[in-house]
Amino acid sequence: MTSDLQLSPTPRSTVVRGKKRAVEDRQVLYDILDAGLVCHLAVEVDGAPFLIPTAYGRDGNRIFLHGSTGSRSIRSMLEGKQVCVAVTLVDGVVYSRSVFHHSMNYRSAIIHGTAKIAEDTQHALRTIVEHVTPGSWDYAREPSKKELAQTAALEIDLTEASVKVREGGPGEEPSDLEANLVWAGHMPLITSWGAPVPHETDKAIPPHVSARGR
């Protein structure tokens with residue numbers, strides 16, 4: 001029996017290339033989604049592929065997305081068309097003794113499925129806001145009725161997903177290792193928040209903002 005925390009690949013979510021980097025632990029999928037801020041959402045619109053970079057939020061085994069009710073891509077998704085969502089975190093670059101083996105260290109997740117209208121729009125939007133800007137939902141003004149009417153909140157189930165992770169140093173050809181003519185290794189990529197920049201206000205920076213940089 002498959003564990004709730006184990007990915008159960010379908011034919012289209014089975015990793016074919018780079019199988020050794022495939023991860024079957026569903027918790028790793030959740031960790032990647034929780035660490036990311038932007039996903040890329042792919043859907044067919046009027047017979048052509050359409051790709052949207054957008055914010056998202058995870059709640060259990062589903063993610064929430066939002067968009068304009070007038071968006072062509074949103075309308076296409078609500079017609080029941082299949083969608084694909086990708087999140088990639090770059091952790092560093094890899095230098096090999098051969099340019100062929102230069103690479104990146106990364107964590108990536110790809111989700112397949114269909115999107116549907118979220119049952120609770122307020123909860124979906126709160127999840128997205130709290131994922132991207134923690135503490136903001138209870139601090140800032142909530143959406144008005146007019147703003148809610150202009151917003152479509154969607155959810156996508158995370159059951160059909162694949163995860164790949166690469167870490168560590170380069171792969172090398174034996175002849176390059178033996179010759180050892182150039183330096184090889186990897187360089188971690190570290191990101192951090194800068195200091196908050198106020199927008200035309202004399203208000204003190206709230207703790208949920210100032211604490212994030214620390």
Side-chain angles (χ1 to χ4, degrees), residues 4-10 12-13 23 25-45 49-90 106-165 191 193 206 208-209 211-212:
D4 290 341
L5 287 180
Q6 184 177 359
L7 293 173
S8 182
T10 64
R12 64 180 176 179
S13 67
V23 177
D25 187 346
R26 183 169 292 276
Q27 186 59 52
V28 177
L29 167 67
Y30 296 161
D31 292 344
I32 291 171
L33 296 178
D34 293 347
L37 292 174
V38 174
C39 71
H40 286 83
L41 172 66
V43 64
E44 179 188 321
V45 178
F50 202 76
L51 189 66
I52 313 162
T54 184
Y56 65 92
R58 183 181 72 87
D59 176 31
N61 198 48
R62 60 183 175 172
I63 57 171
F64 293 118
L65 310 163
H66 76 291
S68 168
T69 53
S71 166
R72 290 185 303 159
S73 58
I74 295 293
R75 292 199 301 269
S76 290
M77 284 186 280
L78 295 181
E79 291 173 357
K81 292 183 178 179
Q82 294 290 304
V83 301
C84 183
V85 179
V87 174
T88 301
L89 309 175
V90 178
Y106 64 88
R107 291 162 285 157
S108 67
I110 297 179
I111 300 113
H112 300 274
T114 56
K116 65 178 183 178
I117 290 289
E119 294 181 4
D120 187 337
T121 300
Q122 290 271 68
H123 175 68
L125 296 179
R126 180 181 184 128
T127 300
I128 297 170
V129 169
E130 287 299 296
H131 174 65
V132 178
T133 54
S136 292
W137 188 267
D138 292 329
Y139 178 80
R141 175 181 66 79
E142 293 187 12
S144 65
K145 291 183 178 180
K146 180 179 179 181
E147 290 167 339
L148 287 175
Q150 297 173 341
T151 305
L154 308 176
E155 67 175 77
I156 300 173
D157 187 89
L158 297 175
T159 297
E160 189 177 7
S162 62
V163 171
K164 289 177 69 176
V165 174
T191 58
W193 297 105
H208 71 276
V209 177
R212 196 171 193 184

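Predicted model, so just to flag it, every value in this text is computed and none were measured. Along the sequence shown, residues carry numbers from 1. Both backbone and side-chain heavy atoms feed into the values below; hydrogens, waters and symmetry mates do not.
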Any [X] side-chain heavy atom under 4.5 Å of [Y] side chain:
X	Y	answer
S108	V87	no
V209	T133	no
L125	H66	yes
L51	V43	no
Q122	E142	yes
L7	D25	no
T54	C39	yes
L41	M77	yes

Nearest 0.5 angstrom please: [X] [atom1] to [Y] [atom2], how far?
X	Y	atom1	atom2	answer
Q82	E160	CD	CD	7.5 Å
T127	D59	OG1	CG	5.0 Å
R212	W193	CZ	CH2	4.0 Å
S162	H112	OG	NE2	5.5 Å
I52	I74	CD1	CD1	6.0 Å
L33	I63	CG	CD1	6.5 Å

Donor-acceptor under 3.5 Å (R26 side chain, N61 main chain):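 No; zero donor-acceptor contacts below 3.5 Å.
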
Ignoring hydrogens, what is the shortest heavy-atom contact between [X] and [Y]? Give both atom names and the distance.
X	Y	value
A55	L65	O-CD2, 3.9 Å
A118	E155	CA-OE1, 3.6 Å
T69	A152	CG2-N, 3.8 Å
W137	E130	N-OE2, 2.8 Å
H208	S136	NE2-OG, 3.7 Å
A109	I32	CB-CG2, 4.2 Å

Pair D138 + R126, salt bridge at N-O below 4.0 Å: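 Yes, this pair counts.
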
E119, CD: over 12 other non-hydrogen atoms inside 6.0 angstrom: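 No, CD of E119 has 12 or fewer neighbouring heavy atoms, counting only those of other groups under 6.0 Å.
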
Neighbour count above 12 (heavy atom, 6.0 Å) for K116 NZ: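 Incorrect, the count does not exceed 12.
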
Geometric class of the H131/Y56 ring pair [parallel <30°, tilted 30-60°, perpendicular >60°]: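 Answer is tilted, since the angle falls between 30° and 60°.
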
Stacked cation flag R58 on Y30, 6.0 angstrom / 45 deg: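 Yes; both conditions hold, so R58 lies above the ring face of Y30.
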
Verdict with reasoning, L78 to L154, per side chain to side chain contact (heavy atoms under 4.5 Å, CB included): CA-CA 9 Å; L78 295 181; L154 308 176; 3.6 Å; yes

Side chain to side chain contact (heavy atoms under 4.5 Å, CB included) between C84 and I111, intermediate numbers included: CA-CA 6 Å; C84 183; I111 300 113; over 6 Å; no

